[in-house]
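Here is the structure we will look at, set down as structure tokens.
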Amino acid sequence: MPTRLLPPVTLPILALAALPTPDLTAQARPATRIDPDTMPRPTLEARRAAGPITLDGTLNELAWSLADSTRGTFYQSIPDQGAPATERTVVRVLYDDERLYVGAVMYDSRPDLLVSAGMEQDFATQDSDIFGFALDTYLDRQNAFLFAVNPAGALFDAQAFNDQQSVNRAWEGEVEVSTRITDEGWVAEVAVPLTTLRFRATEGAQSWGLNFARRIRRISEDSQWAPLTRQFRIYKMSRAGTLSSLEGLRQGRNLWVKPFVNGVRTDGAQAASPGEAVEGGFDLKWGITPQFTLDFTALTDFSQVEVDEQQINLTRFSLFFPEKRDFFLENEGIFAFQDARVRNFRTGSGPQNFKLFHSRRIGLSAERTPVPIAGGVRLTGRAGGYAVGLLNMQTRDKGGSPAENSSVVRLRKNVLGSSDIGVMFVNRAGTGPEVAGDYNRSFGADANLRLAGGRMLLNTYLALTDEPGADGDRTAGLLEVAWRDPLWDASMLLKTVGDDFNPGVGFVARRGVRQGFVTLGAHPQPDIPRVRELNPYVDIDLYSDLEWALETREITPGLGVSFLDSGILTLEYAVSYERLAAETRIAGASVPAGEYDFGAFTASYQSNLGRKVGGRVSVTQGGFFDGERTSLGGSVTLRPSARLFVEGTAQRNRLTLAGRTFEANLFGGRVRLARDTRTFLSAFVQYNESADELQTNIRFNLVHAPLSDLFLVYSERRNPAPEAGEAGLIDRAITVKFTKLLAF
């Protein structure tokens with residue numbers, strides 16, 4: 001991804017202002033607020049570029065002066081919903097046979113206070129000044145390609161699915177960016193190759209869904225071209241505007257081949273395969289039609305992926321670790337069959353509780369160590385109102401992990417405009433002679449309805465698993481209704497998970513239970529100095545066994561306070577009941593069977609992380625089963641410039657449990673250093689005191705060409721103070737990986 005950051009000059013804006021385009025001169029702003037729900041959706045005409053476009057952040061080519069531009073005003077969603085944006089933003093869109101061009105001028109009265117939260121790809125957009133746009137290329141008002149840039153020239157790209165219900169931040173496309181900071185603001189010029197996008201090839205003109213957004217970090221302001229209420233974001237495509245007059249678009253052959261060469265040296269007492277090895281493989285991406293993309297991978301290696309962060313488990317259930325590997329993350333939204341976690345809705349559950357398909361179960365053992373992947377293929381796309389996802393992966397034998405084949409079939413049908421219904425089938429089968437006949441299968445049907453303009457969600461699913469020897473309840477089902485408008489939020493959830501429900505390529509945190517969840521909250525914006533919003537709420541969460549005997553009850557009243565400087569204060573008091581049918585291991589202690597009533601208070605605060613110094617702090621104090629718990633956690637972040645980020649974290653837990661007092665502590669640190677938008681060094685260190693384990697991951701990344709990388713990665717786990725007979729070094733790996741994208 002070539003990206004150029006050029007020094008501040010005033011010439012681009014002065015030259016642009018001199019062009020005969022009245023919308024770039026001072027505009028009269030509406031004096032009153034508008035209603036984002038009733039405001040007509042805007043339209044922008046895309047025009048074919050009359051000549052070549054050079055990405056230099058100047059917008060001084062003749063084609064830009066002939067382009068249509070955003071008329072009128074961007075409107076705030078945060079903090080003052082419906083009010084005109086405090087600073088003016090002007091955007092134009094051009095295209096030619098190969099690229100779509102977006103040029104934006106962000107006027108700013110204090111350009112010296114612009115904030116750029118990093119230069120790496122997929123920087124923290126919430127902590128930065130940004131200009132962003134979302135493209136709904138199929139005009140289905142549900143899904144979008146999402147792009148954002150900051151004044152330092154860094155790019156954020158993602159895919160958004162199901163009308164804001166999920167976002168895949170790991171997606172990467174070939175995109176070129178150039179920015180300039182001037183005396184009057186900053187300029188962003190973005191070129192998106194048509195091969196990066198997916199769209200219908202038509203003979204005549206076509207239209208896409210479109211919205212633009214701008215964030216001014218120093219005043220915590222978000223504004224959009226197509227106005228939105230404050231609970232929505234730019235990728236709420238059912239409320240987007242329209243980009244019209246796109247003609248003669250073709251994607252060409254759209255074939256990418258990305259070979260890699262990987263050299264690794266491993267050692268340590270628990271190293272899976274100690275020694276040295278050099279391997280190679282490749283990924284292939286082929287747009288076989290404008291609607292369908294075929295991905296193929298051979299001898300797949302994920303050595304560039306950052307290690308999992310360790311977690312302190314203070315529950316009696318399994319922990320959820322997210323997927324981080326790019327091959328599985330692209331188009332992840334198509335394969336989503338899970339408990340919903342939707343921005344700004346309190347749903348009572350989420351993917352960390354249930355996923356019928358969780359790709360981490362492929363190529364990773366239960367201990368989260370890599371299992372070699374021989375190859376895999378995936379077909380994703382849309383046709384006739386259907387979203388289609390097909391996946392097949394084959395792993396190789398490795399120690400105690402026999403070879404397996406995993407297959408997934410996913411179909412989703414768009415209904416009622418921005419809703420969908422679907423089915424999924426997942427099969428996991430052993431392919432080695434020692435596991436012949438071993439299988440695990442999952443079946444499911446789901447419906448995700450977005451009603452009342454996206455303010456109401458109705459989600460439901462029914463799933464079944466099958467494997468040898470399973471004779472209990474092998475079903476899981478959910479019914480959930482949620483409401484969110486600018487003032488009120490409420491939801492209700494009913495869920496059941498059988499005792500023998502076991503998705504072999506999925507994740508479920510708790511089996512043999514029925515769950516009920518209810519919440520009610522409000523979001524008033526009172527006239528209190530420095531306060532943007534209050535959020536009083538109460539959550540009621542209940543779990544019973546399959547015979548309806550209560551196992552867990554948690555009633556949590558709370559108050560959230562959002563400040564105008566983007567700080568957030570949260571206060572909660574949880575009243576809990578737990579029934580343990582048998583002695584249970586919790587946080588390293590054996591807790592006797594019995595019934596437990598206890599309560600705990602939690603207070604947390606997060607400052608504006610876009611500042612040079614920021615942080616988070618949280619404290620919990622109260623009962624914990626038959627004892628007490630005091631937990632203190634927090635982090636401090638330092639961001640002296642866009643090139644350097646430093647973070648230190650700590651979590652201290654002092655527990656009195658099952659008649660003994662002990663601590664479970666976790667400490668970590670992270671550093672990211674950027675020479676420019678193509679050269680990065682990052683380091684992550686974490687110490688788990690209770691396990692006496694130090695984990696280190698250091699990664700150098702050079703983006704030597706678009707979507708082409710050189711990685712040098714060092715990772716290790718060690719016992720820093722081994723006792724007699726113990727090994728200090730648990731495992732260590734040094735990896736060099738080179739990738740090169742070849743486009744045809």
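Side chains included, hydrogens not; waters and symmetry mates left out as well; all remaining heavy atoms used.
Under the side chain to side chain contact (heavy atoms under 4.5 Å, CB included) criterion, Gln338 pairs with Ala336, Pro351, Lys355, sequence neighbours left out. Applying the side chain to side chain contact (heavy atoms under 4.5 Å, CB included) rule to Thr38 yields the partners Asp35; only residues at least two apart in sequence or on another chain are considered. Arg233 pairs by the side chain to side chain donor-acceptor pair (under 3.5 Å) definition with nothing, not counting sequence neighbours. Under the salt bridge (Lys or Arg N to Asp or Glu O under 4.0 Å) criterion, Arg41 pairs with no residue, sequence neighbours left out. Annotation: side chain to side chain contact (heavy atoms under 4.5 Å, CB included) contacts of Asp489 (sequence neighbours excluded): Arg346, Arg484, His523, Asn535. Under the salt bridge (Lys or Arg N to Asp or Glu O under 4.0 Å) criterion, Glu189 pairs with no residue, sequence neighbours left out. For Arg48, the side chain to side chain donor-acceptor pair (under 3.5 Å) test picks out Asp97, with sequence neighbours left out. Applying the side chain to side chain donor-acceptor pair (under 3.5 Å) rule to Ser116 yields no partners; only residues at least two apart in sequence or on another chain are considered. Applying the salt bridge (Lys or Arg N to Asp or Glu O under 4.0 Å) rule to Asp136 yields no partners; only residues at least two apart in sequence or on another chain are considered. Residues that satisfy the side chain to side chain contact (heavy atoms under 4.5 Å, CB included) test with Ile528, not counting sequence neighbours, are Pro526, Val531, Leu534. Listed by chain and number, the residues in a salt bridge (Lys or Arg N to Asp or Glu O under 4.0 Å) with Glu647 are Arg616, Arg670 (sequence neighbours excluded).
Between the side chains of Asn701 and Asp709, at least one donor N or O sits under 3.5 Å from an acceptor N or O. Side-chain polar atoms of Asp56 and Thr58 form a donor-acceptor pair below 3.5 angstrom. Judged by distance alone, the side chains of Ser109 and Glu87 do bring a donor and an acceptor atom under 3.5 Å apart. In summary, the side chains of Arg214 and Thr89 do present a donor paired with an acceptor at a separation below 3.5 Å, with no hydrogens or angles considered.
We find that Asp222 and Arg215 are joined by a salt bridge, their nearest charged nitrogen and carboxylate oxygen being less than 4.0 Å apart. A salt bridge links Arg33 with Asp80: at least one charged nitrogen is closer than 4.0 Å to a carboxylate oxygen.
Contact check for Thr293 versus Arg198: side-chain heavy atoms found under the 4.5 Å cut-off. A 4.5 Å side-chain heavy-atom check between Trp171 and Asp122 finds every atom pair outside the cut-off. Taking 4.5 Å as the limit, every side-chain heavy atom of Thr229 sits out of range of all side-chain heavy atoms of Asp485. Proximity of Phe133 to Val93: side-chain heavy atoms (C-beta onward) are nowhere separated by under 4.5 Å. A 4.5 Å side-chain heavy-atom check between Asp127 and Val115 finds every atom pair outside the cut-off.
Side chain of Asn211 to backbone of Ala226: a donor-acceptor contact under 3.5 angstrom is found.
For the atom pair OG1 (Thr137) and CG (Leu243), the distance works out to 11.0 Å, reported to the nearest 0.5 Å.
The salt bridge (Lys or Arg N to Asp or Glu O under 4.0 Å) contacts involving residues 98-107 comprise Arg99-Glu176, where partners must be two or more places apart or lie in separate chains.
Cation-pi contact between Arg672 and Phe645: present, with separation from the ring centre below 6.0 Å and deviation from the ring axis of at most 45°.
Evaluated for a side chain to side chain donor-acceptor pair (under 3.5 Å) with Asp163, the options Arg141, Lys236, Gln142 yield exactly one hit, Lys236. Screening Gln231, Arg230, Gln224 for a side chain to side chain donor-acceptor pair (under 3.5 Å) with Ser77, the sole residue that qualifies is Gln224.
The heavy-atom pair separating Pro36 from Arg239 by the smallest distance is O-NH2, 2.9 Å.
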